Every structure is written in C-alpha cells, then in structure tokens.
2 protein chains.
Amino acid sequence: MANKKKSTIKDIANVLGITPSAVSKALNNHPRISQQTKTAVMQVAENLNYQPNHIATALRKGKSNLVGVIIPRANSNFFSSIIEKIEDVLNEKGYNVIITQSNESYKKECQSIEALLFTQVDGIIASMANETVKLDYYNKVKQKGVPLILFDRGENDLNVDYVGIDDYMSSHIVIKHLVDQGCKRIAHIGGFSHTRIYKNRIRGYIDALEKYNLPFSDELIYECNLRKVDGKEIMKKLLDLPIRPDGIYVSGDYAALGALEEMKAQHVKVPEDIALVGFSNEPFSEIVTPGISSIEQHSEEIGRLAAETFLKRIANPDEPVTLNKMILDPELIVRASSKRK
Amino acid sequence: MANKKKSTIKDIANVLGITPSAVSKALNNHPRISQQTKTAVMQVAENLNYQPNHIATALRKGKSNLVGVIIPRANSNFFSSIIEKIEDVLNEKGYNVIITQSNESYKKECQSIEALLFTQVDGIIASMANETVKLDYYNKVKQKGVPLILFDRGENDLNVDYVGIDDYMSSHIVIKHLVDQGCKRIAHIGGFSHTRIYKNRIRGYIDALEKYNLPFSDELIYECNLRKVDGKEIMKKLLDLPIRPDGIYVSGDYAALGALEEMKAQHVKVPEDIALVGFSNEPFSEIVTPGISSIEQHSEEIGRLAAETFLKRIANPDEPVTLNKMILDPELIVRASSKRK
DNA sequence: TTAATTTGTTCAAACGTTGGAACAAATCTA
DNA sequence: TAGATTTGTTCCAACGTTTGAACAAATTAA
C-alpha cells in the first residue's frame, strides 16, 4: 500500500525529540545548527521520505517560486525553443514555469494574466498577442509590483524590460540581400502595424527601399495575420498586379509558405521570376522546395536573456523599472528561394 | 504611486467591523451568512481591490488548483492543440495549467515530475518521452495519490487512465490505402518500438502486410527518432536496396518530410514511383509539394478527454485507479503524396 | 410562557513552514 | 573568576485562509 500520509517537518522533529524550527533550520543549513543535528535531520528526512511543502513555504515567504510565461502560440519553433531556454535557466534557480497560450487573442491574454496573478506568480515573461492594443492588463501587472519582462512582441509604452531582435535592421538586411540578387521591385507581406515589431519591419522595409532607390507603392505592401492562407491570398493579389514584383519579403515563414504555394500553383519560377524571403526560420523552411530564405532570431538567446533579466529584477526589487531594451542582431539564412547567383 | 500592499480578508473585516471568518464565509457564499453582510463584503472587497491569496487557500485546503502537463515538445501542432484544449477545459473549472517539456529526454522528464510534485500539483497529465522505459518516476506519482492521466504516449503497465488513438488500426488504414493505390512493397519508418504507440503501429504494419499478402522483410522496417534527418537518412538506405519499395509509411510527418526531400533529391517520382504516407497531420504536410497524406489524430478531442478524465478523478478520489483506455478512431487524410488514381 | 429550532456571527485552531527573539550552556577573555 | 561572547536550541508569532464548534439572538412551536 502507498504511504498516503505525507510527512512534515513536525514528524521529523518528533522522531528526534527536537522542535520543528530546529528541523527547519537544519534543512535550510542555518549556521547556528550543529553539524550533528543537521546530519541526523537529513537522515530522518530521508527515512520518512519527507517532501517539503512548497505551498507552506510560499505562504510564509510571500513568494511562489512560479514564473508565468505567456506566448501567442506554442506551435512554432521560435516560441518553443524560447520556452525551453527559459525553463532551463529558471529551473536551475528553483523556479517553476507556468506556460499559457494566448492564441493571439486579447481576451485569452487577459484571462492568462488574471490566472497568473491569481496563482501568485513571482513574475511574468510575456510576448504579446497580435490583437493586443490596450495595455491595461499589463499595467495591472506592473502596478502590483510583479516583475514583467517582454520578449519579441513588446511595447515601448509599458516601460519594462524587453528582449528582442532589431526588426528594423532585419528589413534592411533582407532588402539589401534581395537587391544584391537583382530585385528591382520588392513587395512586403507584413504583420499588423499596430504590433511594434511588425511596424518596425514595415518601417525598415520602406526606408530600405528608399535607400536603394526602389519604387514603393501601396499596392506592394499588405498587413495580415501571417498565417499560411493569408500569405497565399495576398500572393494572389500581388500576382494580379499589372507590374508584378520580382521580390517578396514576408514577415513570417508560414505566410511565406503560403505565398510560395501560390507561386508554384501559378507556375511562377522561384527565385528566377520572383525571389522570396521569410521570417523566423521555422524548421520547415529549409525542408520545402525551394528552401525558403529566412531571418534567424536566435531564440535560445532571447529565452536566456529574458530569464536572466527576470532573475536580476528579483534580486534587486528596489531598483526602479524603466524601459530597458536588449536588442539582438538578426541573421539572414539564405536558401534557394532567393539565391539567384 | 501603485498601492503596493495587498489587501486581505482581515482588511475587509476591519472596515466592516466583523471577523475575518465572517468575511471568508461571505465570499464563499456560505448559507448561514446574511444577504446583507454578503453584499457589504462584496462591496468593500471591490473597493479595496481585494484579490484572494490563492496560496493560503491552497495550504489550508491541501490543494493547489494547479495541474501539470508534461509533453515531449511543444513544437508540434499535435501537442500545442492538445494543450490548448486542456487549458480550455480546466481553466473553466478554476484550475491552472503548468506546462513542461521533456524534450524527449528521460532525465528531463524525471526533473519535470519532481518539479510538478514539488509544486504540489493536483494532478499530472502527461505524454511520455521517447526515451522513457523505466516507469519509476511515474509510479512515484501514482504512489503519492496524485491523479495521473496519460495521453498519446502511454504505457499499459502503469494502470492509469489513458487517452489516445488506435495506433494498430491506423497502420491498417494506411496499408489498406497504399494497397488500394497499387503498392506491392511497403516499407515502414517507425518510432522506437519500446514506446507503446510505435510498437503498436509496427505490429499493425506487419499484420496488415500479412493480411494483404505483401512481402515483409527486415530491410523494409526501421526504427528512429522520427526527426527530419532520420527520415532522410533512412530513405537513403531504402533507395539503395536492390528492390526498392513502392510505398512508404512513416510514423511522423517530420520524418516523412525528410524522406520526401531525399526522394526528390534522387528524382524519385512521388507518388508514381513511391507513394508516401506520414503521421499526425502537421500543418506543413498539406503545404509541401506534393502534399503528404497523413493520419489525423483529433488532438482537440484527446485534450478534452484527458482534461475531463482528470476532473472525474478529482471528483471521485476514492474510486480505485485502473487501466482505463479511451481510444479514438484515427482518420487518414489523403493528399497528393499517395494519390495515384 | 417555556422550550426547541433557526439564523447569523464569533472563536479558535489548523494547514506547514519560517525566522527573530529569547535563553541556557559552553567557551573565551582579561 | 567574573564578565563577555559564542553556540545550539527553543519559543512564539506570523503568512492568509478555512471550518467546525460554540454561542447569542431571533424566531417558531407547543
């Protein structure tokens, strides 16, 4: 039969004929407890199969050792490797990680925040949903004094720590590459510009076009949810233009895939007729034919930095929180979809 | 300035000049508390922006309202939609979900279990890592009386609730389809047979071959980690055989993708020369060219059932736990990679 | 009118752990 | 040898909530 009843610090104390607080101190390696009792306590704890009650500790200490992570959707390599890294770093320090998905919905995101605050997490590491424009819930987190770290999808106005890549620069890198490959008319399939990262990529795209003296017009730029279907449909419109573009820069690999599919369907040669570059280097991008060139965002690095920033915040709770941006350099992985030479 | 100090039940009691226990009862809608005080308490709670301290409740009640979910890797549509559904169902009932990834590693999985037990979760819903053969840690969960529900990657020997599809039947469906398409020599790229689901698929494959009087030999079957590279390498070996197979059944879409890539590289026509069927219907499977036929596992349904089973367990804690398998029917999505007619 | 019941609240202990204050015993200092 | 210091432990209150028992007041029953 399983020994259902859990043993507590009290049980250990009873066995040894000492007080619970002595046991507690022994377990926490308090300097004033003799080595002798410490080893005795360890021994008995082992025998009784003692497991500390984390909840009691949390109540007493006023911290839960839980960190909440909010992501739009786990269903991408980018986010799942960030999480993996965050877990690595935080588990090391005795924290557990609660992951919730917003599914790109503002409402679900608010619920997640509520739930995490309710669970008394010691901090929240989040990437905002596409839909999110109102910052009220995030402000609530800040107000409660719960450390908040944003990554990838952030927002300057919140004035908190942020980890991400340089989106503006990414666009410049992509456009330069396409220009180098001989593209003269480059379209952009972007995310919605109310999300900061997509806005920056759009800005970067427009500025880079100007820099290289390329034509820009409204018919060359689209904003969407960046799902595969979105890429496909927008590609359709782009192919219907009187003058087709000869290069496409897409802000997400799923959408790029959709675009690629449509081009194949219409027998457009990639990259000869139209060169294609995606974003975030999903595993399938290297798999499809032709492989899709894409921007690698160094997700592990982002995860590591986000976790470490949280730890730093916890260590210095009095330090005032300000906008603290950690910006990593993007890297373009060139594949067949844009390699003409 | 933010009002840092959190208000407690005591504060409400002080304002109203009643005792904390009256407040607690009012908040919990105790029948013996007058409607009058109830509304008064609600009012004050609202004013003070009172947030119940979940940890204190957890300590007092002996339950955390946290449910742990262990998955091999979030990086697949299958797992991320299961999680989404589990969250849906459990949030509804006031539970929060802690997600951890084992990354297919036994060691990481054990750590996850430790961490979840340490966090005092009220139950664990898990899908086992590929690597896992020893069940000691899962037995520990059972022994502690923490409800354990397995999905997809389960193990009969644990004698707990299990939700998954009929893997044996899946193989039969796939083989029948390939036979219908005229395949005479079908190979299988499977997962490691020490994992129950992969063993069942292998058994199904072998039995189905026999049923249709098709040749079987050791050179036609491989076990691997089902990553893209694995599929690619094994495909290489299959193409080097003196007599090539004319149909390939792969136990995972990533590996199927690798196999497809290799066939394209060697100018094998798919499905004319070799027909291909994958498993788990990842989003990219319909995207690539040719689209990969695949088994749809009804992930939302699996998630829903797993969560509901947990709730049932919690509601009837005294009911003895036994092997309780809930098996869903798989569905083959036929795409270009295997459609010859 | 008295006893029994119902209603609304308070009391007190508990959940398991922690940590500062208090205290006795042992050791050191001058 | 008295006083100061160190060492090892106990004491006690606290973290915020819950809950059964107790109790007084109000209501009902007989």
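Chain A is the first sequence line, chain B the second, and so forth, proteins listed ahead of strands; every chain is numbered from 1. Quantities reported herein were computed from a predicted structural model and do not represent experimental measurements.
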Would you mind telling me which of D:dG16, C:dG19, D:dT19 lies closest to the side-chain atoms of A:Lys61?
-> C:dG19

When we call it a touch if two heavy atoms are under 4.0 Å apart, what does B:Ile18 touch: a base, just sugar-phosphate, or nothing?
-> sugar-phosphate

B:Lys63 has an atom NZ; how far is it from atom P of C:dG16, in whole Å?
-> 16 Å

Mark yes or no for whether A:Asn28, through its side chain, and A:His30, through its backbone, hold a donor-acceptor pair below 3.5 Å.
-> no

Whole angstrom is fine here: how far is it from CG in A:Leu59 over to P in D:dG16?
-> 7 Å

Decide, yes or no, whether a salt bridge links B:Arg153 with B:Glu104 under the criterion of side-chain N to carboxylate O below 4.0 Å.
-> yes

What integer distance in Å separates B:Lys10:NZ from C:dC11:P?
-> 14 Å

If you check every side-chain atom of B:Ser34, which of C:dG8, D:dG16, C:dG19 has the closest atom?
-> C:dG8

Just to confirm, is there a sub-4.0 Å distance from OP1 or OP2 of D:dG16 to any side-chain nitrogen or oxygen of B:Ser24?
-> no

Would you say the side-chain atoms of B:His54 pair up with the backbone N or O of B:Ser64, donor to acceptor, closer than 3.5 Å?
-> yes

Please determine if a side-chain N or O atom of B:Thr37 lies less than 4.0 Å away from the OP1 or OP2 oxygen of C:dT9.
-> yes

Phosphate-side-chain proximity, A:Thr19 and D:dT10, N/O vs OP1/OP2 below 4.0 Å | yes

Give each protein N/O atom lying under 3.5 Å from an N/O atom of nucleotides 21-24 of chain C, with the pair distance.
none

Counterpart residues, side-chain contact (heavy atoms from CB on, under 4.5 Å), relative to A:Thr57 (two or more places apart) = A:Lys61

Within the structure shown, what part of the strands sits under 4.0 Å from A:Ile9 by heavy-atom distance: base, sugar-phosphate, or nothing?
-> sugar-phosphate

Quick one: B:Ile33 CD1 to C:dT10 C1', roughly how many Å, whole number?
-> 10 Å

Hey, are A:Asn156 and A:Lys325 close enough side-chain-wise for a donor-acceptor pair under 3.5 Å?
-> yes

Contacts of B:Gly17 and A:Asn53 projected onto DNA chain C by closest heavy atom; the upstream (5') one is B:Gly17

Using a strict 4.0 Å threshold on nitrogen-to-oxygen distance, state whether A:Glu87 and B:Lys108 make a salt bridge.
-> yes

Ionic contact status for A:Glu114 with A:Lys140, cut-off 4.0 Å | yes

Value in whole Å for how far the C1' atom of D:dT10 lies from CG of A:Leu16 | 15 Å

Pair B:Glu319 + B:Lys312: basic N to acidic O under 4.0 Å = no

Tell me, with the steps shown, if B:Ile99 and A:Ile83 meet side chain to side chain contact (heavy atoms under 4.5 Å, CB included).
-> CA-CA 10 Å; B:Ile99 304 165; A:Ile83 289 173; over 6 Å; no

If you restrict it to nitrogen or oxygen atoms, what contacts under 3.5 Å exist between nucleotides 12-14 of chain C and the protein, and what is each distance?
residue, atom, partner, partner atom, Å
C:dA14, N3, B:Arg60, NH1, 3.3

Rounded to whole angstroms, how far apart are CG on B:Leu48 and P on D:dG16?
-> 14 Å

Considering only D:dT17, C:dT9, C:dT17, which nucleotide approaches the side chain of A:Thr8 most closely?
-> C:dT17

Nearest whole angstrom, please: distance from the P of D:dT17 to the CG of B:Asn65.
-> 15 Å

Rounded interatomic separation in angstrom, taking NE2 from B:His54 and C1' from D:dC15 | 16 Å

Taking only Lys NZ, Arg NE, NH1 and NH2, and the carboxylate oxygens of Asp or Glu, determine whether A:Arg304 and A:Glu300 approach each other closer than 4.0 Å.
-> no

